[in-house]
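Structure record follows, encoded as structure tokens.
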Amino acid sequence: MFRRHFIGAAVAAACFTGLPVQAQQIIKATDVHPLGYPTVEAIVRLGNKLEKATSGKYKLQMYPSMQLGGEKEMTEQAQVGALQIARISVGPLGTIVDEMNVFNMPFVFKDEAQMRKVIDGPIGTELLDKVSNSSARLIALGWMDAGTRNVYTDRPVTKPADLKGLKIRMMGNPLFVETMNAMGGNGIAMGFNELHQALNSGVVDGAENNEPTLYAQNHYQTPKGKFYSLTGHLIIPEIFVYSKVSWDKLPKADQDLIKKFSREAQLEQRQLWDAYVAEATGKLKAAGVKFVPADKEAFYKATQPVRDKYGAKYASLIQRIRDTQ
């Protein structure tokens with residue numbers, strides 16, 4: 001008797017207090033990097049804004065540090081709606097949406113400042129739309145900075161001849177493998193989630209990436225992370241996407257909110273990035289990593305065949321990038 005009265009009272013209380021009948025919607029987000037890393041922090045902030053703006057209708061759950069797999073697995077899960085937001089490199093995405101490869105070519109940007117102007121402007125918007133309107137089943141929300149990629153290994157690399165015979169891990173896109181081959185090394189396509197072990201075991205002789213990644217992933221503590229050579233061969237922005245399967249279920253007003261906060265995240269991540277690069281560089285140097293100047297002009301000339309091969313069909317777009325001041 002007591003139990004029946006208790007249940008009845010609970011139901012009545014729920015009706016009286018107007019408890020929500022619809023459960024809070026969880027937005028699963030993922031990244032290969034740890035909590036606190038600029039790309040992760042920017043998405044966490046986006047989620048906090050969305051939760052506040054919708055009075056708790058949505059709550060973002062972040063799965064950092066490759067908890068849901070590497071970028072290939074993250075992309076596949078987003079495509080089927082198993083997760084909603086993924087921060088992925090443009091490199092692998094170039095195999096899905098061909099036009100993205102224009103950013104994947106070596107030395108396509110003069111420097112990071114020019115790259116930022118390009119992604120913030122019409123070209124950046126056009127390429128986001130290309131992804132969203134493609135068959136990739138992804139809605140492109142915005143860009144993120146990923147700095148300049150340089151080679152790290154167990155010896156200085158100042159010119160193409162220094163890479164001879166070295167197996168260097170590259171992102172899984174033939175364009176990158178050919179870039180490293182043109183630079184004088186032996187490009188090895190490998191998932192990011194496999195790299196730390198490969199550096200430790202000697203499966204590869206080195207890799208290439210930005211300073212924050214070298215630090216945050218502890219690659220500098222492996223035998224192959226002792227010399228960071230400033231080849232500057234790639235400046236590739238990154239992208240964060242929403243599962244189209246999940247996106248299409250959202251009300252238009254909520255889609256607009258997410259787009260608004262995504263634009264803010266693009267700019268906030270940049271500030272976080274600059275501070276993190278400075279911090280990571282200082283800590284790497286303090287840990288004994290040697291930063292080595294390299295002959296960028298030599299690497300630029302060596303990679304010209306890659307730009308000739310892959311850049312022909314993007315000639316007008318490349319010219320627009322070069323004209324961006």
Side-chain angles (χ1 to χ4, degrees), residues 25-54 58-71 74-75 77-78 83-93 100 103 112-113 115-121 124-125 127-128 131-132 138-149 171 192 209-217 235-243 246-247 250 254-281 283:
Q25 295 184 43
I26 300 299
I27 295 176
K28 291 173 67 175
T30 186
D31 200 310
V32 300
H33 295 300
L35 286 175
Y37 194 88
T39 56
V40 179
E41 177 62 21
I43 297 300
V44 168
R45 292 184 183 187
L46 183 159
N48 290 339
K49 291 179 184 178
L50 183 64
E51 183 174 359
K52 183 177 180 181
T54 60
Y58 299 101
K59 184 174 184 61
L60 185 136
Q61 288 183 352
M62 172 59 73
Y63 294 83
S65 303
M66 295 181 275
Q67 290 182 30
L68 301 183
E71 292 195 349
M74 287 158 43
T75 303
Q77 290 174 68
L83 61 85
Q84 282 67 55
I85 298 177
R87 196 284 310 153
I88 54 180
S89 301
V90 170
L93 197 58
M100 301 299 280
F103 285 171
E112 288 182 36
M115 181 274 290
R116 290 174 173 181
K117 289 179 180 176
V118 169
I119 62 174
D120 287 347
T125 300
L127 288 177
L128 291 178
V131 175
S132 299
L138 301 169
I139 300 297
L141 295 177
W143 299 99
M144 288 190 172
D145 277 39
T148 301
R149 298 175 78 98
M171 287 184 284
F192 189 70
N209 219 309
N210 52 56
E211 298 92 337
T213 298
L214 177 62
Y215 176 73
Q217 298 294 329
I235 301 175
I236 312 174
E238 295 180 335
I239 193 170
F240 57 108
V241 298
Y242 205 99
S243 165
S246 302
W247 183 261
L250 297 174
D254 295 347
Q255 291 177 346
D256 290 342
L257 263 181
I258 293 172
K259 286 182 178 179
K260 174 180 181 290
F261 294 143
S262 293
R263 180 65 176 186
E264 293 174 8
Q266 177 169 319
L267 300 177
E268 286 178 16
Q269 187 267 348
R270 182 169 303 167
Q271 296 176 324
L272 294 167
W273 180 261
D274 288 343
Y276 199 92
V277 168
E279 179 186 357
T281 299
K283 290 182 175 179

Inset, instruction - With side-chain contact (heavy atoms from CB on, under 4.5 Å) as the test, would you mind laying out the steps for T30 and Q67 before giving the verdict? - result: CA-CA 8 Å; T30 186; Q67 290 182 30; 5.8 Å; no
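- Remark: Y215 engages Y220 in a ring pair (Phe, Tyr, Trp, His ring centres under 6.0 Å) (not counting sequence neighbours).
- Of all heavy-atom pairs spanning Q255 and W247, the tightest one is NE2-O, 2.9 Å.
- Using a 4.5 Å heavy-atom threshold, the side chains of D254 and Q25 count as separate.
- The side-chain contact (heavy atoms from CB on, under 4.5 Å) test applied to S262 returns L46, L141, F240, I258, not counting sequence neighbours.
- Here the closest non-hydrogen pair linking Y276 and A216 is OH-CB, 3.6 Å.
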Would you give me the side-chain donor-acceptor pairs under 3.5 Å for residues 34-41, sequence neighbours excluded?
unit_1 : atom_1 : unit_2 : atom_2 : d
Y37    : OH     : T213   : OG1    : 3.1
T39    : OG1    : D31    : OD2    : 2.8
E41    : OE2    : R45    : NE     : 2.9

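- One distance of note links CG of N48 with CD1 of I43; it measures 11.5 Å at 0.5 Å rounding.
- The CE atom of M74 sits 12.5 Å away from the NZ atom of K28 when rounded to the nearest 0.5 Å.
- Heavy-atom contacts from other residues, nucleotides or ligands closer than 6.0 Å to NZ of K49 number more than 12.
- Across all non-hydrogen atoms, the minimal contact from E112 to T148 is OE2-OG1, 2.8 Å.
- Side-chain atoms of V32 and R87, non-hydrogen and from C-beta on, do get closer than 4.5 Å to each other.
- Nearest heavy atoms, A140 versus S132: N-OG, 2.9 Å.
- Side-chain contact check for Y58 versus L250: some heavy-atom pair is nearer than 4.5 Å.
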Inset, instruction - Kindly determine whether F103 and M115 satisfy side-chain contact (heavy atoms from CB on, under 4.5 Å), including the steps that lead there. - result: CA-CA 9 Å; F103 285 171; M115 181 274 290; over 6 Å; no
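- The two atoms that bring L68 and Q77 nearest to each other are O-NE2, 2.7 Å, heavy atoms only.
- Partner of V131 under the side-chain contact (heavy atoms from CB on, under 4.5 Å) criterion, chosen from V90, L93, I139: L93.
- Rounding to the nearest 0.5 Å places CD of Q266 at 7.0 Å from CG of L128.
- In this structure, CG in L214 is found 11.5 Å from CZ in R149, a value given to the nearest 0.5 Å.
- The distance from the CD atom of E71 to the CE atom of M171 is 7.5 Å, given to the nearest 0.5 Å.
- For the atom pair CG of L50 and CD1 of I85, the computed distance is 8.0 Å after rounding to the nearest 0.5 Å.
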Inset, instruction - Any chance you could lay out the side-chain contact (heavy atoms from CB on, under 4.5 Å) test for D145 and N210, step after step, and finish with the verdict? - result: CA-CA 10 Å; D145 277 39; N210 52 56; over 6 Å; no
Inset, instruction - Determine, step by step, whether M66 and Q217 satisfy the side-chain contact (heavy atoms from CB on, under 4.5 Å) criterion, reporting the C-alpha distance in whole Å, the side-chain angles of both residues, the deciding distance to 0.1 Å, and the verdict. - result: CA-CA 11 Å; M66 295 181 275; Q217 298 294 329; 4.0 Å; yes
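- Between S246 and Q84, the shortest heavy-atom distance links the atoms OG-NE2, 3.1 Å.
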